[in-house]
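As the structure lists them, so they are numbered: ligands from 1, and atoms in each ligand from 1. Computation of the quantities below employed the complete heavy-atom set of this structure, encompassing side-chain atoms and omitting hydrogens, waters and symmetry-equivalent molecules.
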Amino acid sequence: MSLVVQKYGGSSLSDADSIKRVARRIVDTRKAGNRVCVVVSAMGDTTDELLDLADAVSPAPPERELDMLLTAGERMSMALVSMAIANLGDSARSYTGSQAGVITDDSHGKARIIDVTPGRIQAALDKGHIVIVAGFQGVSQNTKEITTLGRGGSDTTAVALAAALKADVCEIYTDVDGIFTADPRIVPTARKIDRITNEEMQEMAASGAKVLMLRCVEYARRFNLPIHVRSSFSHREGTWVLDPTEGETVEAPIIAGVAHDRSEAKLTVVGVKDSPGQAAEIFNAVAAAEINIDMIVQNVSAADTGKTDVSFTLPKSDGQTAVKKLKALKEKLGYDHLQYDDQVGKLSLIGSGMRSHPGVSATLFQALADAGINIEMISSSEIRVSVVTRDDQLDDAVRAVHTAFGLDSSDGEAVVYGGSGR
Ligand code: ASP
Ligand code: MG
């Protein structure tokens, strides 16, 4: 008998009817002869609504209480799904993250899973129950407090549980048919990808593709666990995220897809002395504030001043902190001023075929040039090229690049079944 871990996202659980539909699907999987462990997200936009509520009572809610509040969303879903299954005559048991043995570090709001001890889940499965687990949450090993894993964290719960239970597959159910060559909400002609390597998927997620959370892909890669991303609204085969060595018989396409990201801002330190230690000072200050930076560009220094500009991108949510930290260094470093710009977007082209195919960047830049889009920053890795553009040109940029690489589908538009995309 196979053990299947399924995860249902908020858009698949938006109201009572969708919960009943999901329950039917779970029971069908069980009836087909599988053992089933299900991870659920909060219903619809519940997490955002809870955040709005918290914001309405306090501009800076204590992290501990915020986690207590947010984890309630997943608890509602798990109990309702379990009830709906009982109503279909099957037996289900729901468990919070803590009960399911999801042990994390103690950082509220972005906790990392450090261990999974699924004893109770295993026992319930052994007794023949369907198990429903609240996603996105765990319990801190040290403080014993309830933690959350960061937005979209239920994916990570599912993969971590699947690895701990040695499941045969982890199915991630969402509101689209799988992973697309670009966000179908922006590129209606985006194509569903049948198979993608976990390495490419990791770059896509890191570059802003929201279908799968980055940490979940990293986790799956580490444990070599296949993920099947598919729609809960259809029975179509979705996208398999696999280890590159597994079952790739045909040569993979050069480009897997185009990702975009609007969550970052650009910060430029203007007029930095071109001497050893300047960059170290700047980035040490930013690192000390635990800010993750992404792209970095340093220009050659102007001949007459001997000064240069250093630009980098960082999450918009960390923008003001970074500005404050760097302002404090103005005297010491003697730079001219700071320029903070949050009207930027990032486009990333991803594909493991780039390693062996020259000319990919040239085609990318030409496509942007033809579309009249200015490139503000460029960075690349072995299998990715990213550019920063104006925010209001990002959608056009994504469409132009998607077309230039021949990724447009010829057979109709991608279907987006639900969700507000919020
Ligand atoms: N409900 C949480 C969120 O909206 C976790 C998740 O959906 O995975 O971010
Ligand atoms: Mg959600």
Under the side chain to side chain donor-acceptor pair (under 3.5 Å) rule, what pairs show up with a residue in residues 368-377, not counting sequence neighbours?
Lys266-Glu376, Gln366-Asp370, Glu376-Arg390

Do any nitrogen or oxygen atoms of Gly152 come within less than 3.5 Å of a nitrogen or oxygen of ligand 1?
yes

Main-chain N/O of Asp391 paired with Arg262 side-chain donor or acceptor, under 3.5 Å
yes

Compare Cys216, Ser154, Ala42 and give the one whose heavy atom is closest to atom 6 (C) of ligand 1.
Ser154

Which of the numbered atoms in ligand 1 are below 4.0 angstrom from a heavy atom of Ser41?
6 (C), 7 (O), 8 (O)

Counting heavy atoms only, which part of Met213 comes closer than 4.0 Å to ligand 1: side chain, backbone, both or neither?
neither

Lys/Arg-Asp/Glu bridge criterion (N-O < 4.0 Å) met for Arg24, Asp90:
no

Would you call Arg399 and Asp396 a salt bridge, taking side-chain N to carboxylate O under 4.0 Å as the test?
yes

For Arg151, counting its heavy atoms only, list the atoms of ligand 1 lying under 4.0 Å from any of them.
3 (C), 4 (O), 9 (O)

With sequence neighbours left out, which residue pairs that include part of residues 110-121 fulfil the side chain to side chain donor-acceptor pair (under 3.5 Å) condition?
none

Is the closest heavy atom of Gly153 to ligand 1 under 4.0 Å?
yes

